[in-house]
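Before any comments, here is the structure.
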There are 2 protein chains.
Amino acid sequence: MSLPHAILTALLEKPSSGLELTRRFDRSIGYFWSSTHQQIYRELGKLEEAGRIRALPTAVTARGQKKEYEVLPAGREELAAWVALPEDPRPVRDPLLLRMRAAAVVGADGIGAELRRHLALHEAQLAEYREIEERNFTPAPTTDEDRLRYLVLRGGIDLETFWISWLTRAIADLDG
Amino acid sequence: MSLPHAILTALLEKPSSGLELTRRFDRSIGYFWSSTHQQIYRELGKLEEAGRIRALPTAVTARGQKKEYEVLPAGREELAAWVALPEDPRPVRDPLLLRMRAAAVVGADGIGAELRRHLALHEAQLAEYREIEERNFTPAPTTDEDRLRYLVLRGGIDLETFWISWLTRAIADLDG
DNA sequence: GATCATTGTGCAACTTGTTGCACAATCGCT
DNA sequence: AGCGATTGTGCAACAAGTTGCACAATGATC
């Protein structure tokens, strides 16, 4: 649904091979649209077949050979059209909240440790975002593109901040 | 993965038919583990076959006939075991943030309207949560079960609050 | 008593995402 | 030259979620 658009965005920022794309997903786009290399290769194949991207001709076509892709005009148009489409927020589906609800019914043994573990994970993620913020957005961005990108990062920061404060409260509540 | 556990939790709270379950998902468990009636019926079938739940004998077995399910001991044990399992937070996958990132590349035409639309949706959701809070958790809960349930609701409230403040900021940023 | 909306159950086809693995080229080391 | 680590591409099987539809019973309405 959205993965092809995530890939088009990444490829517009910089033409890449499948593996490069995978790595960039791990530390950028993947923060808010995660994916595995298998899925990325599959989508690259489909996008190429659909005429939205093409492999740069320099590369030899053989297995184990690096293959760089770039976005074709049709791909850019497709992405621009998608950006303009309205789309409702997806329904929430969070295993931890569900688990808490189940714990209310069958007992909450050991859930405190799980909450603390999650807290640490979210704190680590927040620290990562803060680093990116310092590295890329200090001083404050001036171009429209960078303002948008900064807003997206702020989304990640605020989201982690939400989790941290909720988890902290939950832990205190359960202990008290 | 988690849907069967969501169903077990709901059925433990109160034995129900498929459609009742679907309705309760729409205004309770579904707030953090959404599902459709088709999926619910499918899972009910699997859970019954696996011996975790059973249809109450009162009902006639015919299509279009209401069929109530209750949880068997095996189902409760299964749920309790699941609650104790550690599980990492799922990677974020948010279309709106992705869309903003794409907008940074192909242009942000009309994204302001989309942000405002989402803001309204999240405000409505928050209002719904507030109502539930007032109805069910005022005065403050005393039992452990209710404390856990209230924490889950607080999660929903805080999450909507995060979105509202992020969206408000984003709208201001883009206008300014 | 025919028809229509509602309640209720469910199948089938499809799309998306996950997991596990296979295989090819390249580079550094000894 | 041979070996292993790394880089790189990709298939196959499966699990989970979505979409569209079919069909049965019940109660209300004319």
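Chain letters run A, B, ... following the sequence lines, proteins first, then strands; residues in each count from 1. Just so you know, these numbers come straight off a predicted model, no measurement behind them.
Protein atom CG of A:Leu19 is 10 Å distant from nucleotide atom C1' of D:dT6, rounded to whole Å. Going from atom CD1 of A:Ile40 over to atom P of C:dG17 covers 11 Å, rounded to whole Å. Residue A:Ile7 contributes atom CD1, which lies 13 Å from atom P of D:dT9 at whole-angstrom precision. When the P atom of C:dT7 is taken as reference, atom NZ of B:Lys66 falls 12 Å away, rounded to whole Å. A:Leu44 has its CG atom 14 Å from the P atom of D:dG8, to the nearest Å. The CD-C1' distance, from A:Glu48 to D:dT9, rounds to 13 Å in whole Å. A:His5 places its NE2 atom 12 Å from the P atom of C:dG17, with the value rounded to the nearest Å. Between the CD atom of A:Glu20 and the P atom of D:dG8 there is a distance of 7 Å, rounded to whole Å.
Taking 4.0 Å as the cut-off between side-chain N and carboxylate O, A:Arg23 and A:Asp26 do not count as a salt-bridged pair. Note on A:Arg130 versus A:Glu133: salt bridge recorded, some NZ/NE/NH1/NH2 to OD/OE distance being below 4.0 Å.
Taking a 4.0 Å limit (strictly below) on heavy-atom distances, residues 80-89 of chain B does not reach DNA chain D anywhere.
Distances were taken from every side-chain heavy atom of B:Arg23 (C-beta onward) to each of D:dT9, C:dG8, C:dG10; the shortest belongs to C:dG8.
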Check: When every nucleotide of nucleotides 15-21 of chain D is labelled 5' to 3' by its protein contacts under 4.0 Å (heavy atoms), B for base, S for sugar-phosphate only, - for none, what sequence of letters results?
Finding: -SBBBBB
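Smallest separation of non-hydrogen atoms from B:Val71 and B:Leu8: CG2-O, 3.8 Å. Nearest heavy-atom pair across B:Ala102 and A:Thr9 is CB-OG1, 3.4 Å.
With a 6.0 Å cutoff to the six-membered ring centre and a 45° limit on the axis angle, A:Arg154 does not count as a cation-pi contact of B:Trp166.
Side-chain N/O atoms of A:Lys67 include one lying less than 4.0 angstrom from OP1 or OP2 on D:dG10.
Using a 4.5 Å cut-off on side-chain heavy atoms (C-beta onward), B:Leu96 and B:Glu114 make contact. Residues B:Arg93 and A:Leu3 have side chains not in contact (no heavy-atom distance under 4.5 Å, counting atoms from C-beta outward).
Aromatic ring orientation, B:Tyr31 versus B:Tyr129: perpendicular (interplanar angle above 60°, classes split at 30° and 60°). Using cut-offs of 30° and 60° on the angle between ring planes, the pair A:His122 and A:His118 is tilted.
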